[in-house]
Amino acid sequence: MKITQLKTWQVPPRWLFLKIETDEGCYGWGEPVVEGRAATVEAAVHELADYLIGQDPHRIEHLWNTMYRAGFYRGGPILMSAIAGIDQALWDLKGRDLGVPVYQLLGARCATGCACTPGPVAIAPAM
C-alpha cells in the first residue's frame with residue numbers, strides 16, 4: 001500500500017481538513033490547522049506531500065520523524081500543525097484499513113466514563 005494523494009479543504013471561517021488516499025482505496029482524515037492560518041498550514045501540508053506520496057502509510061512513526069527531522073528548521077506552529085494533521089490522517093487510515101478504532105492501535109480504551117461536576121455557571125443563584 002502506498003500513499004497516492006493528499007487533498008485539503010478549507011472550510012470557513014477557520015478550518016482545514018485533510019484526506020490522505022492510497023493506491024488500495026484506503027483513506028484517512030486529519031485536521032491540520034492553526035487558527036487564522038489555514039492557508040499557510042495548507043501550503044505546509046502540500047510541501048510535505050512531495051515526500052509522503054509513494055510512502056507506506058502504515059509506517060507512521062517513521063514518516064513523522066522524517067517530516068520533523070529532515071528539514072533544516074524544526075518546529076513552529078505551522079509545521080507542527082501540518083505534521084499533526086497528517087499524523088491524525090495516517091492513524092485514521094491505519095485504523096480503517098485494519099478495521100479497528102484508533103484507540104485500539106494506541107493501547108486501547110483506558111476509561112469507560114468520565115465523572116463530571118457542575119461549574120459555577122450551572123448553579124443558579126438563590127432568590
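Under the 4.5 Å side-chain heavy-atom criterion for grouping Ile, Leu, Val, Met, Phe, Trp and Tyr, W9 is not connected to V33 through any hydrophobic cluster. Under the 4.5 Å side-chain heavy-atom criterion for Ile, Leu, Val, Met, Phe, Trp and Tyr, I20 and L98 are members of the same hydrophobic cluster. Linking ILVMFWY side-chain heavy atoms closer than 4.5 Å, directly or via other members, places I60 and L105 in a single hydrophobic cluster. Following chains of ILVMFWY side-chain contacts shorter than 4.5 Å, one can reach V100 starting from V102, so the two form part of one hydrophobic cluster. By the rule that hydrophobic residues join a cluster once side-chain heavy atoms approach within less than 4.5 Å of another member, I53 and Y27 end up as members of separate clusters.
Under the 3.5 Å distance criterion, the side-chain polar atoms of D56 are left unmatched by any main-chain donor or acceptor of K2. Counting only distance, with no hydrogens or angles, the side chain of D23 and the backbone of M1 share no donor-acceptor pair below 3.5 Å. Under a 3.5 Å cut-off, the side chain of T66 and the backbone N or O of A70 do not form any donor-acceptor pair.
Neither side chain, Q88 nor E31, offers a donor N or O lying under 3.5 Å from an acceptor on the other. Donor-acceptor pairing under 3.5 Å is recorded for the side chains of D97 and H58. Judged by distance alone, the side chains of T8 and E42 do bring a donor and an acceptor atom under 3.5 Å apart.
For W64 and W91, the ring centers sit 6.0 Å or farther from each other.
Of all the heavy atoms in Q10 and L16, the pair that sits closest is CG-CD1, 3.7 Å. Closest non-hydrogen pair, G30 versus A89, comes out as N-CB, 3.7 Å. Smallest separation of non-hydrogen atoms from S81 and V41: OG-CG1, 4.0 Å.
Separation of atoms CG (L48) and CG (L79) is listed at 6.0 Å; rounding is to 0.5 Å. In this structure, the separation between NE2 on H46 and NZ on K7 is 11.0 Å, given to the nearest 0.5 Å. The CG atom of D92 sits 10.0 Å away from the CG atom of L18 when rounded to the nearest 0.5 Å. With rounding to the nearest 0.5 angstrom, the OH atom of Y51 is 11.0 Å from the CD1 atom of I86. Summarising the geometry, atom CG belonging to D87 is positioned 6.5 Å from atom CE belonging to M67; distances are rounded to the nearest 0.5 Å.
A salt bridge is defined here as a Lys NZ or Arg NE, NH1 or NH2 lying under 4.0 Å from an Asp or Glu carboxylate O, and K19 with E21 meets this definition.
Few gaps surround CZ on R96; more than 12 heavy atoms of other groups in view lie less than 6.0 Å from it.
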Quiz prompt | Evaluation steps, side chain to side chain contact (heavy atoms under 4.5 Å, CB included), between F17 and V11 | solution = CA-CA 8 Å; F17 295 99; V11 180; 3.8 Å; yes
Practice problem: Assess whether side chain to side chain contact (heavy atoms under 4.5 Å, CB included) is satisfied between T40 and V34, documenting all intermediate values. | Solution: CA-CA 9 Å; T40 310; V34 171; over 6 Å; no
